[in-house]
Amino acid sequence: MKKKILSAIMAVVLTASFCACGKSGNDDNTITMATNAEFPPYEYHDNNKIVGIDAEIAEAIANKLGYKLEIEDIAFDSIIPELSSKKADFGMAGMTVTEDRKKSVDFSDSYASARQSIIVPENSSISGPDDLKDKIVGVQTGTTGDLYVTDDLGDDHVERYNKGMEAVQALVQGKIDAVVIDNEPAKVFVSENKGLKILDTAYAEESYAIAVNKGNTELLDKINKALAELKEDGTIDKIIDKYITAE
Ligand code: ARG
């Protein structure tokens, strides 16, 4: 039931943004952000709205630049193609800067640091990355978690899910042995499910940035300038503090 309502809402959100994104970059005043709103606290659905750190930072940037923000919610691994085909103006999705992605997109200055965490059942014998060999690890498709685990353990040891939460549910059901995912969503997912814990040793350290289509320096410069101002005046910290409570 809940799922049905969610997908109905998503359909509305998608239709709304598709109407605008065809026009983006032209004479109208909208700017379209592509994201995957299955990633609390960075982007997620709250009633029929997409909220979170990225949504609020994007809103603040759009305001500064005089645009109306449209958010397009799509699969994580569709975000970069969406930029390449110019259907969206920028991607913001807790997206990690990687050398490989830099071949297709240009990244802004970083606005957050993150790490890939390992989630296991409380009674698991897995105590660090080295124990993952021979295990089955769940990841969200196309994320850095997916790339690292596939590289290190081989395809046979990876289960890919459309949403991080689905990987966590599979872990709760005992279908897989661990989940590798970004630390902040990991905290949210572990708090929403019984019997799970996050290991102290992280899989990797990374940083998040906004992506634009390769070569769109005009927009990238504007975004970097707005980001710098929002860092300077404390807006970014304020938004992050609103969603992440310090440990
Ligand atoms: N940081 C990871 C990456 O860039 C995962 C990001 C997933 N984001 C999302 N909105 N689902 O690959």
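Scope of the values below: all heavy atoms of this structure, side chains included, with no hydrogens, waters or symmetry mates. Remember, it's 1-based here, ligands and their atoms both numbered in the order they're listed. All residue numbers refer to positions in the sequence shown, counting from 1.
- Given atom 8 (N) of ligand 1, the protein heavy atom at minimum distance is A93 O, 2.7 Å.
- Side chain of K214 to main chain of K102: a donor-acceptor pair is present (N/O by atom type, distance under 3.5 Å, no hydrogens or angles).
- Using a 3.5 Å distance cut-off with no hydrogens or angles, the side chains of R160 and T150 do pair a donor with an acceptor.
- Ring pair Y203/Y148 is parallel by interplanar angle, where below 30° counts as parallel and above 60° as perpendicular.
- Salt-bridge formation is not detected for the pair R115/E206: no Lys NZ or Arg NE/NH1/NH2 atom is positioned less than 4.0 Å from an Asp or Glu carboxylate oxygen.
- For E206, the closest heavy-atom approach to ligand 1 falls below 4.0 Å.
- Looking only at protein heavy atoms, the nearest one to atom 11 (N) of ligand 1 is N36 OD1, 2.8 Å.
- Within a 6.0 Å sphere centred on NZ of K238, other residues, nucleotides and ligands contribute 12 heavy atoms or fewer.
- Side-chain atoms of Y161 and Q169 include no donor-acceptor pair closer than 3.5 Å.
- For atom 6 (C) of ligand 1, the nearest non-hydrogen atom of the protein is G94 O, 3.3 Å.
- The shortest N or O to N or O distance between G142 and ligand 1 is not below 3.5 Å.
- Using modelled atom types and a 3.5 Å distance limit, the side chains of T98 and D100 yield no donor-acceptor pair.
- Polar contact with ligand 1: absent for F39 (N/O pair, distance under 3.5 Å).
- At least one N or O atom of T144, backbone or side chain, sits closer than 3.5 Å to an N or O atom of ligand 1.
- In this structure, E38 does not count as a contact residue of ligand 1, since none of its heavy atoms falls inside 4.0 Å of the ligand.
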Could you go step by step and tell me if Y208 and D182 meet the side chain to side chain donor-acceptor pair (under 3.5 Å) rule?
CA-CA 11 Å; Y208 293 165; D182 304 52; 2.6 Å; yes
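- The distance criterion of under 3.5 Å between nitrogen or oxygen atoms is not met by T35 with respect to ligand 1.
- Scanning the protein for heavy atoms near atom 5 (C) of ligand 1, the closest one is D182 OD1, 3.3 Å.
- Heavy-atom distances between Y42 and ligand 1 stay at or above 4.0 Å for every pair.
- The backbone N or O of N224 sits nowhere less than 3.5 Å from a side-chain atom of S108 that would complete a donor-acceptor pair.
- Residue T96 has at least one nitrogen or oxygen atom sitting less than 3.5 Å from a nitrogen or oxygen atom of ligand 1, judged on distance alone.
- For ligand 1, the polar-atom distance check against T143 finds no nitrogen or oxygen pair separated by under 3.5 Å.
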